[in-house]
Trainee: 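Dropping a structure here in structure tokens format, bear with me for questions.
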2 protein chains.
Amino acid sequence: MDRRQKKTREAIFKAFTELLAEKNYNQIAVQEIIDAADIGRTTFYAHFETKDYLLKALCEKLFGHIIDTAMGSPHGHYHYSCKYSADSVFLHLLKHLQESDRNILELLSSQNNEIFLRYFKSNLKKLIITQYADKGLLNKSSLPEDFLINHIASSFVETVYWWLSRKMKETPEEITEYFLGTIEPILN
Amino acid sequence: MDRRQKKTREAIFKAFTELLAEKNYNQIAVQEIIDAADIGRTTFYAHFETKDYLLKALCEKLFGHIIDTAMGSPHGHYHYSCKYSADSVFLHLLKHLQESDRNILELLSSQNNEIFLRYFKSNLKKLIITQYADKGLLNKSSLPEDFLINHIASSFVETVYWWLSRKMKETPEEITEYFLGTIEPILN
DNA sequence: AAGAATACAGAACACTTTGTTTTGTATAAA
DNA sequence: TTTATACAAAACAAAGTGTTCTGTATTCTT
């Protein structure tokens, strides 16, 4: 990829991220992004067809890595002990969130949080299907598997939201305990 | 209130609701609402300062009644037997949703569902505080009360969303069973 | 290092949407 | 009937959108 492209792409992401942290997505004009990124009008449209595509690209950039690492190597990345169960995936995710650059946390805490939480949830569902459903862990309950997948993904995302909106006072371990406290009784 | 005001106000709500059912909120121009409602440009702005205020007014109109009736007379409205516990509030809500004019269901199922589900959730929290927290029903758990309120409200809203997105195949009783199946184990 | 390729800036363009103002008319309330 | 006011219609500046053009600067290639 051309160095010039990387540079302007990064400038656009940076400007967009900063704007998202301070104001509503709907109220951000393409013109503002252009001004903040200090690029030409033509250049923006050469990179992103619309503002929505830019948003999508940002989501993929932010969440892609976190979800991928959780999918690929869910265990063994951390040194503390954790049982080799699907449950630890959630602790893994929380730790990654806490350690991630502050962009993702800032956006998840901003007034645009719903946009990113939605994207987070849709990716999380795929993860749960891999880690739970495909391993037959959701068959024990009397509730429909489809319902359970949605419930688990929603609960986790909402837990993360609750954690963030209260300035992450608790440790990832505590939050995992809270979260598992709400879903483990259902699965047994 | 002036008959003319009522009439145009209703025309605006009708046009807005129909537009919301078919396209994204962000992509609806005030001009479209004006055209669909067949009113003058000045008239719209005389009634609603912005599109956002119109949305807020619509939310209050749609959810205000449902939540109020659930708060005021949570039991005794239906003839079938139901235990006089706080749990029946959820069945009450689902039945009201099912019976409500198709506007609210159409909007909750539209691509704008998040806007309305968010509003629904915030109102639901107040209801849960009244029906659960203030009655001391959330003290038995080892989880923080604040966390539980958010969890219960989120879970119910997500359950409703799951129900709607699958065309309401199940009865309100079945959905209540599913939902209570996820939260009752936590409270005992 | 030289050439070809291309990413970019800057300006101009037609177009849409926004929110306000003005003037006159029709409808409601007193 | 009289008074009040909700409304329509038109015009307005301002801002934003997405595209097209031309020339310049940077980069990749060989």
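As the structure is a computational prediction, the values presented were derived from the model and not from experiment. Computed over heavy atoms, backbone and side chain alike; hydrogens, waters and symmetry mates excluded. Below, chain A is the first sequence line, B the second, and so on; all start at residue 1.
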Trainee: Indicate, with a heavy-atom threshold strictly under 4.0 Å, whether A:Asp38 touches base, sugar-phosphate, or nothing.
Mentor: sugar-phosphate

Trainee: A:Leu143 versus B:Thr182: any side-chain heavy-atom pair under 4.5 Å?
Mentor: yes

Trainee: If the plane angle is over 60° it's perpendicular, under 30° parallel, otherwise tilted; pick one for B:His96 and B:His65.
Mentor: perpendicular

Trainee: What residues, two or more places apart in sequence or in another chain, satisfy side-chain contact (heavy atoms from CB on, under 4.5 Å) together with B:Arg41?
Mentor: B:Gln31, B:Ile34, B:Tyr45

Trainee: Reading DNA chain C in the 5' to 3' direction, which nucleotide is the first one with an atom under 4.0 Å from a heavy atom of chain B, and which is the last?
Mentor: C:dT17 to C:dA29

Trainee: Apply side-chain hydrogen bond (donor to acceptor under 3.5 Å, both in side chains) to B:Tyr25 and list each qualifying residue two or more places apart in sequence or on a separate chain.
Mentor: B:Asp52

Trainee: Counting N and O atoms only, with roles assigned by atom type, does the side chain of A:Asn112 sit under 3.5 Å from a partner on the main chain of A:Lys23, one being a donor and the other an acceptor?
Mentor: yes

Trainee: Where do B:Ile104 and B:Leu97 come nearest, in terms of heavy atoms and distance?
Mentor: CD1-CD2, 4.3 Å

Trainee: Just to be sure I follow the notation: if a pair is Watson-Crick (purine N1 to pyrimidine N3 plus N6-O4 or O6-N4) or a G-U wobble (N1-O2 and O6-N3), each under 3.5 Å, what dot-bracket string does DNA chain C give, with | for pairs to another strand?
Mentor: ||||||||||||.|||||.|||||||||||

Trainee: Would the A:Tyr53 and A:Phe48 ring centres measure less than 6.0 Å apart?
Mentor: no

Trainee: Could you check how far OH of A:Tyr53 sits from P of D:dG18, rounded to whole Å?
Mentor: 12 Å

Trainee: Say whether, by atom type as modelled, one donor and one acceptor occur between the side chain of B:Thr8 and the main chain of B:Gln5 under 3.5 angstrom.
Mentor: yes

Trainee: Would you mind telling me which of B:Ile33, B:Leu58, B:Thr43 makes a side chain to side chain contact (heavy atoms under 4.5 Å, CB included) with B:Ile12?
Mentor: B:Ile33

Trainee: Give every residue pair that meets the ring pair (Phe, Tyr, Trp, His ring centres under 6.0 Å) criterion with at least one member in residues 154-188 of chain A, sequence neighbours excluded.
Mentor: A:Phe90-A:Phe156, A:Phe90-A:Phe179, A:Phe156-A:Phe179, A:Trp162-B:Phe147, A:Tyr178-B:Phe147

Trainee: For DNA chain D, determine which residues of residues 43-50 of chain A have any heavy atom closer than 4.0 angstrom to one of its atoms, and list them numerically.
Mentor: A:Tyr45

Trainee: Counting only heavy atoms and a strict 4.0 angstrom limit, can you tell me which residues of residues 21-33 of chain A come near DNA chain D?
Mentor: A:Ala29, A:Val30, A:Gln31

Trainee: If I take atom CG from residue B:Asn26 and atom CD from residue A:Gln27, how far apart are they, to the nearest 0.5 angstrom?
Mentor: 10.5 Å

Trainee: By side-chain contact (heavy atoms from CB on, under 4.5 Å), which residues pair with B:Glu177, not counting sequence neighbours?
Mentor: none

Trainee: Please state how far atom CG in A:Asp35 lies from atom P in D:dT17, giving the value in whole angstrom units.
Mentor: 10 Å

Trainee: What residues, two or more places apart in sequence or in another chain, satisfy side-chain contact (heavy atoms from CB on, under 4.5 Å) together with A:Ala11?
Mentor: A:Ala37

Trainee: Do any pairs count as a salt bridge (charged side-chain N to carboxylate O under 4.0 Å, His left out) and have a residue in residues 7-22 of chain B, sequence neighbours left out, and if so which ones?
Mentor: B:Glu10-B:Lys61, B:Lys14-B:Glu18

Trainee: Report the distance from atom CZ of B:Arg41 to atom C1' of D:dC12, rounded to the nearest whole Å.
Mentor: 11 Å

Trainee: Among residues at least two apart in sequence or on other chains, which ones pass side-chain contact (heavy atoms from CB on, under 4.5 Å) with A:Ser122?
Mentor: none

Trainee: Once each nucleotide of nucleotides 21-30 of chain D is scored for protein heavy atoms under 4.0 Å, what B/S/- sequence comes out, 5' to 3'?
Mentor: B---BBSS--

